[in-house]
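Not measured: the values here are computed from a predicted model. To find a chain, count down the sequence lines: A is the first, B the second, and so on, and within it residues start at 1.
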Amino acid sequence: MTFGKGHHLHLIDGSAFIFRAYHALPPLTRKSDGLPVGAVAGFCNMLFRYVENNKGPDAPTHVAVIFDHSSKTFRNEIYPLYKAQRPEPPEDLRPQFPLTREATRAFNIACIETEGFEADDIIAALSCKARDAGGSVTILSSDKDLMQLVGDGVEMLDPMKNKRIGRDEVFEKFGVYPERVVDVQALAGDSIDNVPGAPGIGIKTAALLIQEYGDLESLLARAGEIKQPKRRAAIEENAEQIRISKRLVALDCNTPLTFSLEDLEVRLPVADDLLGFLNRMEFRTLTTRVAASLKVEPPPAPTAAVLRNEGVPEIVEQVEAALPFDSASYACIRDAEALAAWIARIRDLGHVAIDTETTSLDEMRAELVGISLCVEAGAACYIPLGHRAGGGDLFGASELVADQMPLGLALSMLKPVLEDESILKIGQNMKYDAKILARHGIRVAPIDDTMLMSYAMHAGRHGHGMDELCDTYLGHKPIAIKTLLGSGKSQITFDRVPVEQAVCYAAEDADVTFRLWKLFKPQLHRARVTTVYETLERPLVPVLAEMEMAGVQVDRDTLSRMSNAFAQKMAGLEAEIHALAGGPFNVGSPKQLGEILFEKMGLPGGQKGKNGAWGTGADVLEDLAAEGHDLPARVLDWRQLSKLKSTYTDALQEHIHPETGRVHTSYSIAGANTGRLASTDPNLQNIPVRSEEGRRIREAFVAPPGKLLVSLDYSQIELRILAHIADIPALKQAFREGHDIHAMTASEMFNVPLEGMDPMIRRQAKAINFGVIYGISGFGLARNLRIPRADAQGFIDRYFERFPGIRGYMDETIAFAKANGHVETLFGRRINTPEINAKGPGAGFARRAAINAPIQGTAADVIRRAMIRMPKAIRGMPATMLLQVHDELLFEVEEEAADALIERVREVMEGAADPAVKLTVPLTVEAGRGLNWAAAH
DNA sequence: GGGCTCACG
DNA sequence: GACGTACGTGAGCCCG
């Protein structure tokens, strides 16, 4: 049949699949002869998954996998340097190229490559041809060079993210629609493919220019009109180079084809061919899997070796992770006999993935509704325990639905397993489940946590939530909780979800967790982060769980009184503000305030932001207030009170637990990229302290009768770490001798004596010290100190002159990040820096973040080490660790034991780097105590 | 739901 | 002459 309307062509970017597979998998070899086959294995998994996922009514009618033939193409005649700096493919990948072609043919999918052309050219020609014939096209690739083809029935699909790329997505990426993408690419160039472009012009700028001038030729013709001289020169002087670049990136619909679209019609795999190939490759598990899918007997293994029993575990894991998900296969456990069978299986295997379903995300209030277990990929079950009938009476109470195990019985059966030292419990964000189970008297141990594994390997690359990990690494979108619970006002709690639905959702979560674990466990080692995971991530889980469950006592009356006082003051201020403005308006609306200040009142110095709104930040208002304007001064006061009231005195009261009378925050271990913790619900890491008025909120954080709050914090820990890492003798000596580090810096920089130093000079040195930690810039320092930029730059220059090691540290860190795509802390924590080679303003952000990360991250590692050692160190003392605020730990302790506690904790904190890292500066800890947090700090 | 503003280290 | 910039977070509010 002639290809035409109603037909749908899939074009698979084969080369991208291969490289993806190669880098995603460990270097596997064929058992019988050592032939490298890792990439082939991954490639086959991807093809199998593709075939399985494309069977329904929406299935394509035509499909082809397109490969690059060789590295030399017609583009090298246009520009000899094109892709010239591209490294040769790795030694163990090269022999796998022909095998991937063979694999494609084994799947009975058209396999296409043409001498002298890139895969992209063939994809372009096929897309055009199919589109012109009236069919639709999906290109399975995430290659930006193909985005110019999108539109008119042609779309792309990123196969890893399962994300559709249409015209709008292209616009998002390039700032122009597909037909102008080549213009933008021609201007921006591409350092990876060696497309020269215009120097200093990145995608952002190129898009702006094309948007303004319409297209590339108009831009080149009117280049003289460009206002910014640098850009103008870059374009005027490189016009020819830009035109060449355009020819390099433009894909040609007329690339010759030696076959017709009809040749690409979808064909079913021929069982003998496909199984024969897979078997020859010795992909045992995949062979079995494919045979099952084709409903034929798997062929006997070619050798006696059965991979599962004889090692090469990774390949089994990879293949297992890729098995299709089947929610119909999940079991629902309703009686002790069935549960006993699963427990026996768990004991046999020595591990289990577990997930709890509850009525709330707040572990301190959540009620347990069910538990899911998974013992191997696809083998999962759900135990409903607390599901209730839909409606309920007036008070929301309702009966448990029938046919559920009694909660107590299930837990008493599971407890010995969950507490068994020889059985590994695997979870995604185990702190949550551990806390839920702890409330039922179960101490889960030992554990592994897939969220933390991902964090140890991929911090900075992407988030570590289960849905995202599953989609990214298993190519599967798990059932969204929203589909069960709904959202907004009509949202229900999990106990109201029908058991049948709950089984599919909950068991799948355990299944996903198990598969992620299978995948991540061997990868940790290859990423060299096993130690980080095992010493800085995993052991923190029980420590934080204890702290969160302990909570901190907060006095409701104190907060309530403060709220009332704030409300009164605010009302007064509001009246004054309205009077000054000559009419009422919403003081809390930056938009309205900006209009009042800069339009109605016509005050000077107003600046509009990028979306047309007047800036009304504190710095702007402070400047206005300093010029004697009353209204902005009052607004500043009002804002401070409003913040304190809504975020603290009001909101904190809501967080006091009805039974414990305490506030239980939750720390996310994998929240901040640098290794810091983040505190949520409520955030207890940003309780005011800098202003006198705000600091009083800390008076509401109290010690119970007979006890004291004790606070210990590291003094200048980040500067000390900088002094150590950058190896600055003067700084290190100052820290060893206990000098005032900022005064010392000022003395060194400005040649002034320490005695009788001007506080302003010291303040400037302090700002520079902090700036260095943040990846200093003249602009930033100038803004912070409110001095001219040239002066700020002068300070920085002098600083680098005096402490050349700092410069060295910065340069080396950037170079390391560029070469490796990540930076590291002293303890080996890895912070990925995917944007480090970006062009444009993003580059600055990435560079400063890369400079900051090892310093902030090392400090975070140090306090993590201290916290992990703390339970043992203070065992037997009448004391509890309550809170962490980045460089501070807060404890509650019986009065008489405060001295002993401080001594013990200080010892642990000051020695926390030992013995893994021998710091060449001392860490010192300052301690305070009192009846409330304000007094203890 | 994004942007603004502001609290902390 | 002004692409834009100090690093890392979370929460509450306004507004479309």
Side-chain angles (χ1 to χ4, degrees), chain A residues 200-202 204-209 227-232 460 586-594 609-621 635-636 639-640 642-648 650-652 654-655 665-668 671-691 694-695 697-698 713-714 716-718 722 767-768 770-785 789 792 796 831 839-857 859-860 863 883-888 937:
Chain A
I201 306 277
K204 290 276 160 58
T205 313
L208 281 177
L209 290 168
K227 289 182 213 82
Q228 300 85 345
K230 244 187 173 165
R231 284 186 196 171
R232 186 169 62 233
N586 184 349
V587 183
S589 162
K591 185 167 171 280
Q592 293 179 35
L593 176 64
K610 52 185 165 227
N611 37 27
W614 295 101
T616 68
D619 48 347
V620 177
L621 300 189
V635 172
L636 282 169
R639 275 202 186 152
Q640 192 197 2
S642 163
K643 178 80 175 177
L644 296 177
K645 181 169 185 295
S646 69
T647 309
Y648 300 106
D650 286 352
L652 273 176
E654 309 286 314
H655 283 284
T665 184
S666 178
Y667 289 102
S668 40
N673 290 334
T674 53
R676 275 196 178 179
L677 302 178
S679 160
T680 62
D681 307 301
N683 181 355
L684 295 185
Q685 290 181 322
N686 72 345
I687 303 301
V689 69
R690 290 173 190 166
S691 77
R695 185 158 51 234
I697 290 171
R698 295 189 174 219
D713 68 286
Y714 284 109
Q716 309 283 8
I717 185 168
E718 292 192 356
L722 174 67
I768 295 172
F770 275 102
V772 166
I773 293 173
Y774 299 149
I776 199 157
S777 75
F779 181 93
L781 183 65
R783 207 173 65 161
N784 190 285
L785 284 175
R789 188 171 164 181
I796 294 171
I831 297 114
K839 284 188 180 181
F845 284 112
R847 287 180 37 221
R848 291 193 295 271
I851 290 167
N852 173 258
I855 304 167
Q856 187 181 116
I863 196 164
L883 299 178
Q884 188 250 42
V885 192
H886 309 308
D887 63 359
E888 169 188 6
H937 200 274

K.L.:
Between A:N673 and C:dT9, does any side-chain N or O lie under 4.0 Å from OP1 or OP2?
P.N.:
yes
K.L.:
Between the base of C:dT5 and the side chain of A:R847, is there any donor-acceptor pair under 3.5 Å?
P.N.:
no
K.L.:
When you compare C:dC3 with B:dC6, how far apart are their P atoms, in angstrom units rounded to a whole number?
P.N.:
25 Å
K.L.:
What's A:G771 touching, base or sugar-phosphate or nothing? Going by heavy atoms closer than 4.0 Å.
P.N.:
base
K.L.:
Check whether any side-chain nitrogen or oxygen of A:R690 sits under 4.0 Å from OP1 or OP2 of B:dC8, and answer yes or no.
P.N.:
yes
K.L.:
C:dA6 and B:dT5: how far apart are their P atoms, nearest whole angstrom?
P.N.:
14 Å
K.L.:
Give the rounded distance in Å between these two atoms: CD1 of A:I776 and P of C:dC7.
P.N.:
12 Å
K.L.:
From C-beta outward on A:R789, which listed nucleotide comes closest to its side chain: C:dA2, C:dA6, C:dG10?
P.N.:
C:dA2
K.L.:
Answer with base, sugar-phosphate or nothing: what part of the nucleic acid does A:A618 contact at a heavy-atom distance below 4.0 Å?
P.N.:
sugar-phosphate
K.L.:
Under 4.0 Å, heavy atoms only, any strand: does A:I773 hit a base, just the sugar-phosphate, or nothing?
P.N.:
nothing
K.L.:
Can you tell me which residue among A:T616, A:L644, A:V587 is in a side chain to side chain contact (heavy atoms under 4.5 Å, CB included) with A:R639?
P.N.:
A:T616
K.L.:
Using atom P of each nucleotide, how far apart are B:dC4 and C:dT5 to the nearest Å?
P.N.:
11 Å
K.L.:
For A:N686, report the nucleic acid contact type (base, sugar-phosphate, nothing); a contact means any heavy atom under 4.0 Å.
P.N.:
base
K.L.:
Once you apply a heavy-atom cut-off of 4.0 Å, does A:Q592 come out as touching a base, just sugar-phosphate, or nothing?
P.N.:
sugar-phosphate
K.L.:
Identify whether any heavy atom of A:L677 sits under 4.0 Å from a base atom; if not, whether one sits that close to sugar-phosphate; answer base, sugar-phosphate or nothing.
P.N.:
nothing
K.L.:
Go ahead and write out DNA chain C as dot-bracket, 5' to 3': ( ) for pairs within the strand, [ ] for ones crossing earlier pairs, | when the partner sits on another strand, dots for unpaired; Watson-Crick or G-U wobble, both distances under 3.5 Å.
P.N.:
......|||||||||.
